[in-house]
Amino acid sequence: MCGIVGIVGKSSVNQALYDTLLVLQHRGQDAAGIVTCEGDRLHLRKDNGLARDVFRTRHMIQLVGNMGVGHVRYPTAGASSSAEAQPFYVNSPYGIVLAHNGNLTNAEALKHDLFVQDLRHLNTTSDSEILLNVFAHELHVQGKLRIDEQDIFRAIEGVHARCRGGYAAVAMIPGFGVCGFRDPNAIRPLVYGRRETDAGTEYMIASESVALDTTGFTLIDDVAPGEAVFISVDGQLYTRQCAPQPILSPCIFEFVYFARPDSIIDNISVHKARSRMGRHLANKINREWSGLDIDVVIPIPDTSRTAALQLANRLGIHYSEGFIKNRYIGRTFIMPGQTVRKKSVRQKLNAIDLEFRRKNVLLVDDSIVRGTTSQQIIQMARDAGARRVYFASAAPPVRYPNVYGIDMPAASELIAHGRSEEEVALELGADGLIFQDLDDLIDAVQKRGKSQVDRFDTSVFDGVYITGDVTPEYLRMLEVHRNDVAKSAKPSFSESVIDLHNSV
């Protein structure tokens with residue numbers, strides 16, 4: 001899972017890119033990178049770590065130019081190293097920089113074709129570099145010295161014809177502009193907006209609408225499935241549908257956990273969706289746990305607060321904040337490595353004993369994935385004096401790997417995989433465990449059928465992969481190559497300036 005941004009401005013864009021990456025930091029905490037364009041010269045800074053640590057004053061001074069792209073990364077494909085940090089660059093044709101959120105399910109086949117047919121060399125194990133080279137090749141075969149927006153749109157048509165999986169990307173071409181595109185199922189989010197300045201109109205393409213809001217841009221629209229958006233270097237906006245049969249199928253887990261609550265994705269408020277999740281879950285508790293004696297509802301901060309509050313209101317049970325969060329610890333679900341996750345939970349949360357002592361508590365979380373965090377939190381509640389600890393999940397059991405860009409690739413790492421709900425409750429140490437029904441989750445996000453979404457990607461809950469190309473062999477490959485152990489390498493940083501002596 002990653003956060004991406006591209007800006008075409010009328011003045012230096014380095015500060016706006018940096019500010020946007022801070023806002024999108026929840027989407028990836030492993031690495032960060034920015035590339036800016038000054039005339040025909042690209043300036044690059046990327047490294048492992050949070051954006052605030054990667055970019056110092058000395059780096060920001062070097063990131064000059066009125067056009068640029070940025071990226072925050074959590075590694076789901078490739079190693080956890082700065083060699084894999086984005087954006088990526090390829091010099092031919094024209095010099096292209098790309099930042100990508102998602103995962104290509106046919107990456108191995110594309111890698112072979114790029115080498116054998118397109119004669120292109122790949123320098124990393126990242127599928128983002130594969131996507132970049134496919135896009136570059138589709139531009140190259142047009143054989144033009146100067147290109148326009150129609151050439152870029154034709155290249156993106158070629159990308160959609162060749163690539164499978166979930167991908168949202170921004171790409172920058174020196175002297176031409178910035179484009180953004182979304183796969184034909186629109187699995188990963190992407191939006192674009194504008195802001196007016198004294199010098200003229202500036203445009204941003206980003207993963208979430210909150211990135212626009214906090215930097216003074218106004219949302220224009222979501223990038224539609226299969227659509228491409230191009231902003232020329234002189235500030236002209238162009239859009240075109242580049243896929244023959246697009247189907248709006250966003251990942252429902254964005255609404256459950258990943259996206260910020262103040263974002264709007266595909267015209268759906270994340271905050272409102274989570275509120276409806278809480279009401280649906282309360283209705284299920286009334287049906288199945290009607291005689292349960294619950295003294296207090298306590299959320300697991302932060303993403304479950306909205307659902308927990310609505311649940312408590314619907315049940316007529318006291319709501320209280322029982323955990324204090326250390327805001328200087330990252331999101332444990334997207335931390336690389338089980339050992340780091342276990343250590344971070346105790347550093348991240350501390351229980352307020354008075355809220356638990358001699359009470360039957362209902363803990364509410366957005367979801368249960370690996371179960372590591374939930375186990376420790378339940379034990380923390382008991383250590384704080386709770387008589388009984390019940391647990392409610394605003395999402396159904398996560399039983400299947402995600403293949404479209406979320407870090408849950410190995411089925412063996414999922415606590416609900418191959419277990420009943422009763423067995424999961426036993427593993428967690430809860431006195432009772434209740435999950436949201438999938439139909440209720442879909443209804444909550446889809447606004448009772450009022451949204452324009454054709455369907456949701458719910459593969460982590462039901463094992464139905466909407467691209468239709470995910471085989472048992474592919475899932476076994478993920479189990480081997482993309483578990484926690486496979487993401488342990490951490491080489492040193494990468495920082496450079498690329499000079500483009502382009503006379504055209």
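All heavy atoms count here, side chains included; hydrogens, waters and symmetry mates do not. On a predicted model such as this, the values are computed, not experimentally measured, just so you know.
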Classify the side-chain pair [X]/[Y] by whether it contains a donor and acceptor separated by less than 3.5 Å.
X	Y	value
T303	D366	yes
T218	R194	no
T197	E202	no
D407	Y74	yes
H100	Q86	no
Y404	T467	yes
H121	E129	no
R73	N101	no
H59	Y18	no

- [ ] Report the residue from L98, V233, I96 that forms a side chain to side chain contact (heavy atoms under 4.5 Å, CB included) with I173.
- [x]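 In the set L98, V233, I96, the residue that makes a side chain to side chain contact (heavy atoms under 4.5 Å, CB included) with I173 is I96.
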Could you tell me if the side chain of [Y] sits less than 4.5 Å from the side chain of [X], heavy atoms only?
X	Y	value
E84	T125	yes
Q62	R45	no
R146	F176	yes
M172	V35	yes
V270	I265	yes
L44	Y89	no
I252	D457	no
S367	F253	yes

Task: side chain to side chain donor-acceptor pair (under 3.5 Å) between R188 and N103, worked out - done: CA-CA 9 Å; R188 303 265 70 88; N103 182 58; over 6 Å; no
Task: Pairs where residues 218-245 contributes a residue and the test salt bridge (Lys or Arg N to Asp or Glu O under 4.0 Å) is met, not counting sequence neighbours - done: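 The answer is E157-R240.
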TODO: Write out all pairs satisfying salt bridge (Lys or Arg N to Asp or Glu O under 4.0 Å) with one or both partners inside residues 160-170, taking only residues at least two apart or from two chains.
DONE: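 Sorted result for residues 160-170: D118-R162, E138-R162.
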Open item on the list: Are more than 12 heavy atoms, taken from residues, nucleotides or ligands other than Q142, located less than 6.0 Å from that residue's CD atom?
Closed with: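 Atom CD in Q142 is crowded, with more than 12 foreign heavy atoms closer than 6.0 Å.
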Open item on the list: Can you tell me if D454 has over 12 outside heavy atoms packed within less than 6.0 Å of its CG?
Closed with: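 More than 12 heavy atoms, drawn from other residues, nucleotides or ligands, come within 6.0 Å of this atom.
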What distance do [X] atom [atom1] and [Y] atom [atom2] have between them, rounded to the nearest 0.5 Å?
X	Y	atom1	atom2	result
H112	Q117	NE2	CD	7.5 Å
E208	T214	CD	OG1	10.5 Å
R260	S207	CZ	OG	12.5 Å

For [X] and [Y], indicate whether the former's side chain and the latter's backbone hold a donor-acceptor pair under 3.5 Å.
X	Y	result
R370	L414	no
K46	A85	yes
R195	F217	no
Q25	G28	yes

- [ ] Test I7 against V178 for side-chain contact (heavy atoms from CB on, under 4.5 Å), laying out the working first.
- [x] CA-CA 7 Å; I7 299 177; V178 170; over 6 Å; no
Open item on the list: I need the minimum non-hydrogen distance between G49 and V54, along with the two atoms involved.
Closed with: O-CG2, 3.7 Å
Open item on the list: Before we go on, tell me: are the rings of Y400 and F461 under 6.0 Å apart, centre to centre?
Closed with: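 No, too far apart.
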Task: Step-by-step side-chain contact (heavy atoms from CB on, under 4.5 Å) determination, I231 to M67 - done: CA-CA 10 Å; I231 303 122; M67 186 168 67; over 6 Å; no
Open item on the list: I'd like to know whether V97 forms a side-chain contact (heavy atoms from CB on, under 4.5 Å) with F88, so could you lay out the CA-CA distance, the side-chain angles of the two residues, the decisive distance to 0.1 Å, and finally the verdict.
Closed with: CA-CA 6 Å; V97 177; F88 285 133; over 6 Å; no
TODO: Please work out whether the ring planes of F135 and F181 are parallel, tilted or perpendicular, with thresholds of 30° and 60°.
DONE: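 Aromatic pair F135/F181 classed tilted.
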- [ ] Would you check, one step at a time, whether the test ring-ring contact (aromatic ring centres under 6.0 Å, His included) holds for Y203 with Y192?
- [x] CA-CA 7 Å; Y203 290 94; Y192 62 104; 8.1 Å; no
Open item on the list: Could you go through E108 and K111, starting from their C-alpha distance and side-chain angles, then the distance that decides it, and tell me whether this counts as salt bridge (charged side-chain N to carboxylate O under 4.0 Å, His left out)?
Closed with: CA-CA 5 Å; E108 289 303 314; K111 187 186 300 184; 3.5 Å; yes
